[in-house]
Amino acid sequence: MFLEFKKQVNSALKKAVGSLNFEIDDFELEASQHADIASKVAFRLASQAKKSPKDIAQQIVEAIELPEDSLLGEIKAVGPYINITSSRSYIDKTVTGIREEGNAFGGGFCEGKILLEHTSANPNGPLHVGHIRNSIIGDTLVRILKHAGYDVETQYYVNDMGRQIAIVSWAFTQFEFDVSKKPDHAIADIYIKANALLNDDPEKIAEIDKRMQLVESGDEETIESFDVAVSHAVSGIKETLMRMNVKHDSFPHESSFIRSGAVSRVVEEIKAIGRTADDKGALVVDLGDYGFEKTLVIQRSDGTSLYTTRDLAYHEWKGERADRIIDVLGADHKLISGQLKATLNSIGKKEPEIVIFEFVSLPEGSMSTRRGKFISADDLLEQIEEQAYMEVDKRRPEMAEGFKREVARTVGIGAVRYDIVKVSPEKSTVFNWKEALDFEKQGGPFIQYSYARACNILRKAGEELSWISAQDIDPSLLVEDTEIDLIKKMASFDSVIDISARELKPHAIAIYARELAESFNQFYRFVPVISAEEEDIRASRLALVECARTVLASALNTLGLGAPESM
RNA sequence: GGUCCCGUGGCUUAGCCAGGAUAUAGCAUCGGGCUUCUAACCCGAGGGCCAAGGGUUCAAAUCCCUUCGGGAUCGCCA
């Protein structure tokens with residue numbers, strides 16, 4: 001609803017400014033503490049009109065004419081600012097809008113097919129707390145984009161033929177694989193051992209090189225040994241992702257692009273535009289005109305392809321299947337993703353939009369699967385759920401064990417996801433157990449609690465008052481400050497979705513969800529619902545609670561947090 | 001050494017790209033609130049020369065330059 005409000009503000013200002021014979025398109029609208037929206041346009045027009053911004057603001061306000069039933073209410077010039085408040089109709093339409101649209105409220109205004117790749121961690125061990133930043137940012141973006149109206153397909157690109165996988169497959173021939181363990185963890189065990197062995201005995205590296213050549217040339221037995229290693233790791237990774245409410249639609253494998261001929265094809269395409277050169281037997285691409293000093297190697301001197309080459313083929317393939325391609329990648333991919341985009345651009349292919357997130361490190365330094373220096377996502381989830389269980393047990397000791405376990409799971413995952421997504425991706429972070437397990441913060445569980453409270457009111461109303469949601473209500477009876485604040489907060493859901501979908505910034509939705517929960521809690525504290533004296537007021541408030549439940553559920557769902565009806 | 005990202009109260013953090021009204025929240029600290037829809041809640045207080053220095057501008061947390069601190073990266077790894 002806020003998007004529509006903004007549109008009306010723009011057109012009202014445009015007309016007013018036009019009637020004063022000023023030329024300007026951008027009204028510099030911004031959120032304000034003094035109104036629902038404010039325009040700074042008077043600053044810009046000051047030089048043009050040779051008048052003070054203050055006078056211009058006043059003039060514009062006087063020139064504004066509002067149509068019947070406008071979403072704009074009071075319009076005031078305060079110094080150079082034009083402060084605009086929404087009308088009663090805005091409030092009423094928001095309530096009816098939510099009641100009519102339900103879960104679709106605040107979205108559905110975009111269209112097109114998006115292919116989004118995220119996580120794509122190498123299958124040489126379990127996901128660690130750094131990888132899940134990728135998964136959570138990626139999955140939240142998927143949910144935001146879907147709500148905005150896009151058709152989104154999510155992919156996990158499986159590196160099943162890199163050097164690291166050659167090492168894992170080789171490790172199977174050197175060490176015992178512990179089948180009693182979760183498979184991705186068991187893979188990490190032998191991978192770490194193999195790396196240590198290669199470190200001690202560099203002559204064995206030739207065996208890895210040999211495997212790399214064999215797999216690329218299509219040797220059945222080697223391919224099979226890679227597949228075994230990869231599928232063990234991937235099955236464990238999938239389990240972890242599922243536990244975090246993260247789902248991928250497909251898992252394309254790198255090797256498939258070799259086998260389909262896509263890799264050789266893309267190499268030929270690059271050769272054809274005359275950008276390639278031979279550098280000591282390796283094939284390199286010159287991207288100097290794109291601002292890259294150094295050339296990009298796309299083929300080793302032994303003729304095998306590299307990650308980059310396969311990634312080029314993968315992106316070419318993705319570009320043929322979607323209107324937009326989005327990749328969520330770690331900070332280590334900044335350079336290479338720039339080169340990837342430049343190369344695709346040079347052969348006239350669709351470029352991906354890249355979302356970069358900075359690294360999560362440990363207090364003692366950076367994480368490394370190879371060296372066994374990492375905290376696995378499974379460990380984190382295990383501990384957080386245990387912590388959450390204690391919190392539930394403390395608050396609802398009388399409830400059944402199954403209830404406590406279920407709530408602990410929902411709340412635990414919620415806390416983890418929220419903590420990660422609420423921070424801007426461009427900040428590097430240091431993982432800290434104490435903070436990760438702290439439930440006192442106003443985070444995921446805070447939002448889930450608001451939702452549970454809303455559910456509880458409605459459940460009680462159903463039991464005690466035989467309330468049903470279809471009842472006709474009068475939204476104009478909602479006049480308390482906290483009611484209006486809550487409604488306005490819900491109204492702005494669409495604009496938050498719009499902004500986070502456009503800028504690919506999931507953390508905006510995290511902040512919004514928290515504010516929405518806060519608004520609901522304030523309403524809950526100050527306005528009686530079930531015990532409201534007058535029946536029509538009670539009905540309107542129940543409808544409002546139901547609206548809040550709807551929007552809270554959407555916000556939680558967009559963040560990938562579970563919505564518990566009781567906790 | 002080159003390039004990119006980050007540096008906001010004790011801790012975590014929004015705002016920065018598109019400069020303007022007293023800089024946003026949370027945690028922690030201190031004070032108040034459960035006979036009333038679950039207190040995982042609500043209300044209030046203190047706490048910031050927005051890393052430092054310079055510049056642009058009527059106006060800078062926001063743009064530019066320099067320095068410092070942290071992270072990432074710099075062809076045949078991924």
Side-chain angles (χ1 to χ4, degrees), chain A residues 26 28 30-34 38 40 42-43 46-47 53 78-81 83 120-122 124 159 162-165 254 279-285 291-302 304-311 330-336 338-339 356-359 361 366 388 391-392 394-396 407 411 415 419 422-430 432 435 438-450 452-454 456-461 464 503 507-508 510-511 514-515 517-518 521-522 524-532 541-542 545 566-567:
Chain A
D26 181 3
E28 302 201 30
E30 62 174 20
S32 165
Q33 313 159 45
H34 312 278
K40 297 185 293 193
F43 282 110
S47 59
V78 178
Y81 297 91
N83 288 345
S120 302
N122 282 326
N124 52 13
N159 168 8
R163 193 163 194 88
Q164 298 164 50
I165 306 311
E254 266 194 52
D279 189 350
K280 293 172 212 143
L283 189 65
V284 300
V285 188
F292 296 97
E293 274 185 45
K294 298 188 175 174
T295 56
L296 174 70
V297 180
I298 56 168
Q299 204 168 65
R300 292 192 186 92
S301 38
D302 67 2
T304 56
S305 64
L306 287 98
Y307 160 82
T308 318
T309 330
R310 295 173 315 246
D311 213 21
D332 53 339
H333 281 70
K334 265 186 235 179
L335 177 62
I336 194 72
Q339 292 170 321
I356 295 284
F357 68 95
E358 294 289 330
F359 274 25
S361 58
S366 56
E391 302 288 337
V392 184
K394 199 162 73 191
R395 293 172 169 90
R396 309 292 296 274
V407 172
V411 163
D419 266 358
K422 74 169 186 199
V423 180
S424 303
E426 63 267 22
K427 301 229 185 198
S428 51
T429 61
V430 177
N432 176 319
E435 262 171 46
D438 181 8
F439 275 85
E440 297 308 310
K441 307 181 286 195
Q442 203 175 29
F446 174 82
I447 305 159
Q448 293 170 317
Y449 183 60
S450 297
R453 281 178 140 184
N456 201 44
I457 293 180
L458 296 174
R459 183 185 56 76
K460 272 207 149 153
E464 295 171 12
E503 301 183 2
H507 79 279
I511 290 159
R514 204 210 65 231
E515 288 172 352
E518 200 168 20
N521 285 341
Q522 281 162 351
Y524 181 97
R525 162 71 180 76
F526 289 109
V527 181
V529 178
I530 289 176
S531 57
R541 287 182 183 164
L542 279 165
V545 171
S566 174
M567 64 184 265

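Bear in mind that the values here come from a model prediction, so they are computed numbers and not experimental data.
- Among the heavy atoms of the strands, none lies under 4.0 Å from A/S450.
- Summarising the base pairing, B/C27 is matched to B/G10 through a Watson-Crick or G-U wobble pair whose two defining distances lie under 3.5 Å.
- Using a 4.0 Å heavy-atom distance criterion, A/H34 is classed as a base contact.
- In the interface, the side chain of A/S301 is paired with the base of B/C76 through a donor and an acceptor atom under 3.5 Å apart.
- A/E30 is linked by a salt bridge (Lys or Arg N to Asp or Glu O under 4.0 Å) to A/K40, counting only residues two or more places apart in sequence or in another chain.
- Nearest nucleotide to the A/F446 side chain, out of B/G20, B/C42, B/A78: B/C42.
- Note on A/P528: a base of the nucleic acid sits closer than 4.0 angstrom, heavy atoms only.
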Between N or O atoms, less than 3.5 Å apart, protein on one side and nucleotides 45-47 of chain B on the other: list the pairs.
none

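- Looking at heavy-atom distances under 4.0 Å, A/R310 makes contact with sugar-phosphate atoms alone, never a base.
- Among the protein residues, A/S566 comes within range of the nucleic acid bases, having at least one heavy atom under 4.0 Å from a base atom.
- Counting non-hydrogen atoms under 4.0 angstrom, A/A461 reaches nothing in the nucleic acid.
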Could you pull out the protein-nucleic contacts involving nucleotides 71-75 of chain B (nitrogen or oxygen on both sides, under 3.5 Å)?
from	atom 1	to	atom 2	distance (Å)
B/G71	N2	A/K334	NZ	3.4
B/A72	O2'	A/A331	O	3.0
B/C74	O2'	A/K294	NZ	2.5
B/G75	N7	A/T295	OG1	3.0

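- Residue contacts for A/V527: at a heavy-atom cut-off of 4.0 Å it reaches a base atom on one of the strands shown.
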